[in-house]
Engineer: 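Handing you this structure, nothing more for now.
Atoms within a ligand are numbered from 1 in the order they appear, just like the ligands themselves. Just so it is clear, the values below take in all heavy atoms, side chains as well, and ignore hydrogens, waters and symmetry mates. Residue numbers run from 1 in the order of the sequence given.
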Amino acid sequence: MVLKSKVLIIGGTGYLGKRLVKASLEQGHETYVLRRPEIGVDIEKIQLLLSFKKQGARLVTGSFNDHRSLVEALKQVDVVICAVSGVHIRSHQILLQLKLVDAIKEAGNIKRFLPSEFGTDPARMADALEPGRVTFDDKMVVRRAIEDAGIPFTYVSANCFAGYMVGGLCQPGHILPSKESVLLLGDGNKKSIFVDEDDIAAYTIRTIDDPRTCNKTVYIRPSETILSQREVVELWEKLIGKQLEKSSLSDQDFLNIMKGQGYAEQVGLTHYYHVFYEGCLANFEIGDDAEEACALYPDIKYTKVEDYLKQYL
Ligand code: NDP
């Protein structure tokens, strides 16, 4: 029997991070979660960390401001998954991972590093618009540091988190589906990919001990979640038994509106533009140099968009 790797999850109390902790425990890995002293008296984070401990995780103290503490934390495990923040309207700390790369180099024992990616493949976004390209540029800076250091990696390209995009019927600024109306982005026909966050975590954990995913990008592309905005809206209309009133926003109007927004909002809107006006997630074939998660792990029963939408009824 192959021994399962010991995993350290960094950013474990975050939106995706807490799901990674759960999936790692469920899949039987000895699971360590970084407890940063900087969280201070954040009672929600403390309670969440304690709940992880109750479920069998080990809490390990460490800070991005204390190199030695990171090295000591890393020495206890085989694999490290980082899920630090990377959404400007919440927080964007992607470059902090350069400190983690330094610590991994010094620790010298890490068999696989999964940096905080989990979205659009930044390697495909060299021509992305300002200011949203900062997300991709920063993730590429981290990739270069990993590869220059010769650290074995897996990059998980998870496409759209369903909670952000399905809930709001793909409309920026919306997180719950209306029963009255919807604004279509362009013709609403560009295909996107909507993945349940718990499924992202489950696929991610499966990659860590898999030699097929070493030094590769793994795209999570469940076939039944590849839909256009119109198709998401149709599924919702079927569930509520009613047609929504539809209007549409041209690409030029979208970009003009974007320019009047604050920086963090503009970053997010740039991503919507590339996904829903350009179709950047689904307009390419996965090459031989990458893998697709559902093909690798067909036993994982993923969530279909229709089922995801049912929670909003
Ligand atoms: P969160 O905003 O939930 O933050 C995750 C964690 O980052 C926090 O819990 C915290 O870890 C850590 N963190 C935040 N600020 C700091 C700081 N100043 N110093 C150190 N650590 C900090 O992140 P998400 O789960 O939303 O994002 C994770 C990844 O997923 C990102 O790469 C992001 O780009 C991507 N993403 C993709 C989306 C998609 O649709 N594809 C949507 C959203 C995110 P701790 O637990 O230690 O407190």
Engineer: With a cut-off of 4.0 Å, which atoms of ligand 1 are near a heavy atom of K139?
Structural biologist: 32 (O), 33 (C), 34 (O)

Engineer: Against ligand 1, does A158 come closer than 4.0 Å with any heavy atom?
Structural biologist: no

Engineer: Ring centroids only, cut at 6.0 angstrom: are Y277 and F254 within range, meaning strictly under it?
Structural biologist: yes

Engineer: Short list, please: which atoms of ligand 1 are under 4.0 Å from a heavy atom of Y164?
Structural biologist: 42 (C), 43 (C)

Engineer: Check each heavy atom of T135 against ligand 1 and say whether those closer than 4.0 Å belong to the side chain, the backbone, both or neither.
Structural biologist: neither

Engineer: State the atoms of ligand 1, each with its element, that fall below the 4.0 Å cut-off from a heavy-atom position in G86.
Structural biologist: 31 (C), 33 (C), 34 (O)

Engineer: Considering only heavy atoms, which of Y15, F161, F64 lies nearest to atom 39 (C) of ligand 1?
Structural biologist: F161

Engineer: Below 6.0 angstrom between ring centroids: does that apply to H271 and F136?
Structural biologist: yes

Engineer: Tell me whether the rings of Y155 and F153 are parallel (<30°), tilted (30 to 60°) or perpendicular (>60°).
Structural biologist: parallel

Engineer: Just checking F118 against Y203, ring centres under 6.0 Å apart?
Structural biologist: no

Engineer: Applying a 4.0 Å heavy-atom criterion (strictly less than), which segment of R35 is in contact with ligand 1: side chain, backbone, both, or neither?
Structural biologist: neither

Engineer: Is it the case that over 12 heavy atoms from other parts of the model lie below 6.0 angstrom from the CD atom of E44?
Structural biologist: no

Engineer: When you measure from the heavy atoms of L49 to every atom of ligand 1, does any distance fall below 4.0 Å?
Structural biologist: no

